[in-house]
Amino acid sequence: MSKFKQLGVANWLSESLLAMKITTPTDIQKACIPKILQNYDCIGGAKTGSGKTIAFAAPILSTWSEDPSAIYGVVLTPTRELALQIAEQFTALGASMNIRVSVIVGGEDIVKQALELQNKPHFVIATPGRLADHITNSGDDTICGLRRVKYLVLDEADRLLSNSFGDDLEKCFSILPSSDKRQTLLFTATVTDAVKALKDRPISKNKKQIFVHEVESLDKVRIPPSLSMYYFLVPSDGLKEAYLHNLLVNENYLEKSAIIFVNRTRTAEILRRILRLLELTVVSLHSEMPQSERVNSLHRFKAGAARILIATDVASRGLDIPTVELVVNYDIPADPDDFIHRVGRTARAGRKGDSISMIAPNDIQRIISIESKVNKKMTITKTVTDDSVIQSSLNKTTRAKRECILDMENENFGEKKRINKYKHELNLKSKTSKTFKKTKRSKKSKRS
Ligand SMILES: Nc1ncnc2c1ncn2[C@@H]1O[C@H](COP(=O)(O)OP(=O)(O)OP(=O)(O)O)[C@@H](O)[C@H]1O
């Protein structure tokens with residue numbers, strides 16, 4: 001009997017898994033699948049690339065196939081690309097059962113999505129903002145299917161439970177069945193205090209719950225064992241482009257597919273343009289790009305048409321691209337958890353991978369926090385070459401950068417962000433003034 005079948009997974013599904021060459025369950029799958037099949041709520045914490053998606057998809061699809069109703073499950077996830085990827089996995093796993101999966105994310109046609117929801121797909125994979133939008137603005141015939149959902153999954157749960165998603169999540173929960181009438185599954189690679197708190201204060205008082213935290217029980221290192229963590233020092237911020245170029249054309253990495261993480265969209269855009277002028281095949285992924293370009297970039301990168309992806313943290317979570325062999329932290333993230341997710345885009349499912357962090361003088365404190373969080377020290381890389389080679393890269397990147405900045409100014413790059421910022425500020429002001437008026441009114445009425 002297949003090892004997935006031994007865990008209780010349906011026959012047809014263990015055959016689908018076998019066709020994908022997935023035969024032996026990972027630790028998180030062994031721990032979660034049987035319990036989810038026994039109706040437990042579940043909080044699963046395990047390293048990046050350890051197979052968390054199948055840990056929730058396999059039991060949900062197994063029970064769904066016994067009674068293929070709609071809408072059976074909702075998976076919420078923080079980014080659009082991740083929603084698309086999870087939907088692809090559900091679709092591939094359930095192909096033999098004619099599964100229907102809807103992706104409800106921002107940047108796509110909202111009317112088309114409403115029609116899909118009306119047609120009652122079996123599964124909805126969504127970002128909280130867009131699903132909340134439908135709940136607020138679409139009619140009951142569009143959203144009524146959500147009232148019967150059997151499973152709710154929060155993938156990248158730590159991120160979803162952070163403040164930025166609060167209001168949208170509340171809105172989504174408002175229409176879903178209450179926690180004792182559905183099964184709730186949370187998964188993450190970084191178990192934050194907010195996630196841990198749910199262990200002692202269970203999601204539903206009336207249900208059984210398991211808490212699986214692989215990192216705590218097995219070892220203290222929070223990154224995959226097949227990942228090598230390197231760094232090199234950059235004497236000043238102004239030299240970073242040259243050092244990056246030098247690294248990417250170094251013979252050790254010349255052929256390798258790489259993701260370069262930066263902290264700001266503007267840096268992503270400048271680097272994309274510089275590297276393209278220097279004839280590297282490169283695409284980018286950040287929040288200021290239209291959704292169609294985001295999809296296109298990722299598609300070109302996955303297909304190998306571009307060797308390098310420059311990305312902000314919008315790509316740091318969950319993306320599963322097995323060919324990625326190198327992750328570069330061009331900028332060091334402020335939050336060590338973001339570092340764990342970024343470097344986890346390589347060395348997935350037991351494959352080898354390298355991460356290289358470019359450390360400028362101001363980054364030292366962040367590196368200390370990261371090393372203490374992951375419980376492992378980075379080692380210096382030997383690939384960055386001597387000063388004369390850096391000088392050659394510097395001449396090229398300086399010329400290219402000048403040209404790129406001029407082009408970006410002509411194209412008004414960043415305009416959309418500026419407009420959104422003003423809109424946000426105006427929104428806040430109007431909210432504050434409404435609250436102020438309300439408080440004044442209630443004080444007045446108390447006095448009278
Ligand atoms: N049992 C298995 N055997 C072999 N490969 C597997 C198994 N389970 C999952 N995989 C593969 O491992 C890769 C990583 O899985 P997945 O994307 O679910 O990781 P994850 O734990 O969710 O990572 P992250 O925390 O980065 O989101 C995928 O390509 C998946 O197909």
Side-chain angles (χ1 to χ4, degrees), residues 2-9 13-34 36 42-61 75-95 125 153-160 185-192 195 212-215 218 222-227 257 259 261 298 302 311 313-325 327 337-353 355 374:
S2 108
K3 290 184 183 147
F4 276 97
K5 244 183 346 200
Q6 283 169 9
L7 296 180
V9 168
L13 186 53
S14 47
E15 269 154 34
S16 295
L17 288 165
L18 185 65
M20 294 173 180
K21 306 218 164 18
I22 294 179
T23 52
T24 310
T26 61
D27 288 339
I28 189 79
Q29 291 163 358
K30 274 189 234 157
C32 296
I33 292 174
I36 297 174
C42 170
I43 304 172
K47 287 171 190 158
T48 52
S50 59
K52 293 186 286 295
T53 316
I54 288 174
F56 63 78
I60 296 180
L61 287 169
V75 181
L76 294 177
T77 190
T79 69
R80 300 167 184 182
E81 286 72 20
L82 198 42
L84 285 164
Q85 179 181 292
I86 295 170
E88 275 167 19
Q89 274 164 302
F90 269 71
T91 308
L93 287 168
I125 320 289
V153 181
L154 302 188
D155 190 33
E156 309 292 342
D158 62 317
R159 178 87 186 88
L160 290 177
L185 315 176
L186 276 70
F187 281 86
T188 176
T190 40
V191 178
T192 54
V195 176
V212 187
H213 189 189
E214 184 200 83
V215 174
L218 293 180
R222 290 165 194 227
I223 53 161
S226 54
L227 175 70
S257 175
I259 305 185
F261 279 105
L298 204 54
K302 278 185 181 169
D313 281 303
V314 78
S316 67
R317 283 167 175 270
L319 288 185
D320 182 52
I321 307 169
T323 46
V324 175
E325 290 174 282
V327 169
D337 281 350
D338 285 336
F339 178 91
I340 293 175
H341 289 280
R342 285 179 178 190
V343 298
R345 292 321 97 212
T346 187
R348 300 177 68 73
R351 288 182 206 87
K352 278 191 186 317
S355 82
V374 303

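Whatever order the structure lists them in is the order used to number ligands and atoms, beginning at 1.
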Asks: Donor-acceptor check, side chain of K52 to backbone of I28, threshold 3.5 angstrom: yes or no?
Replies: no
Asks: Sub-3.5 Å donor-acceptor pair from the side chain of S226 to the main-chain atoms of R351, do we have one?
Replies: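 Checking the backbone N and O of R351 against the side chain of S226, a donor-acceptor pair under 3.5 Å is found.
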Asks: Would you name the heavy atoms of L93 and A57 that are closest together and state the gap between them?
Replies: CD1-CB, 4.2 Å
Asks: Check ligand 1 for N or O atoms under 3.5 Å from a protein N or O and list each pair with its distance.
Replies:
from, atom 1, to, atom 2, distance (Å)
ligand 1, 1 (N), T24, O, 2.8
ligand 1, 1 (N), Q29, OE1, 3.0
ligand 1, 8 (N), Q29, NE2, 2.8
ligand 1, 17 (O), R348, NH2, 2.9
ligand 1, 18 (O), K52, N, 3.3
ligand 1, 18 (O), T53, N, 3.0
ligand 1, 18 (O), T53, OG1, 2.7
ligand 1, 19 (O), G51, N, 3.3
ligand 1, 19 (O), R348, NH2, 3.2
ligand 1, 21 (O), S50, N, 3.0
ligand 1, 21 (O), G51, N, 3.2
ligand 1, 21 (O), K52, N, 3.1
ligand 1, 21 (O), K52, NZ, 2.8
ligand 1, 23 (O), G49, N, 2.8
ligand 1, 23 (O), R348, NH2, 3.0
ligand 1, 25 (O), K52, NZ, 2.7
ligand 1, 26 (O), R345, NH1, 3.0
ligand 1, 26 (O), R345, NH2, 2.8
ligand 1, 26 (O), R348, NH1, 2.8
ligand 1, 26 (O), R348, NH2, 3.4
ligand 1, 27 (O), E156, OE2, 3.4
ligand 1, 29 (O), D320, OD1, 3.4
ligand 1, 29 (O), D320, OD2, 2.5

Asks: Which residue is it: T53, L84, V75? I am looking for the one with a side chain to side chain contact (heavy atoms under 4.5 Å, CB included) to Q89.
Replies: T53
Asks: Does R317 come within less than 4.0 Å of D158, counting only side-chain N to carboxylate O?
Replies: yes
Asks: Can D320 and R348 be counted as an ion pair, charged N to O under 4.0 angstrom?
Replies: yes
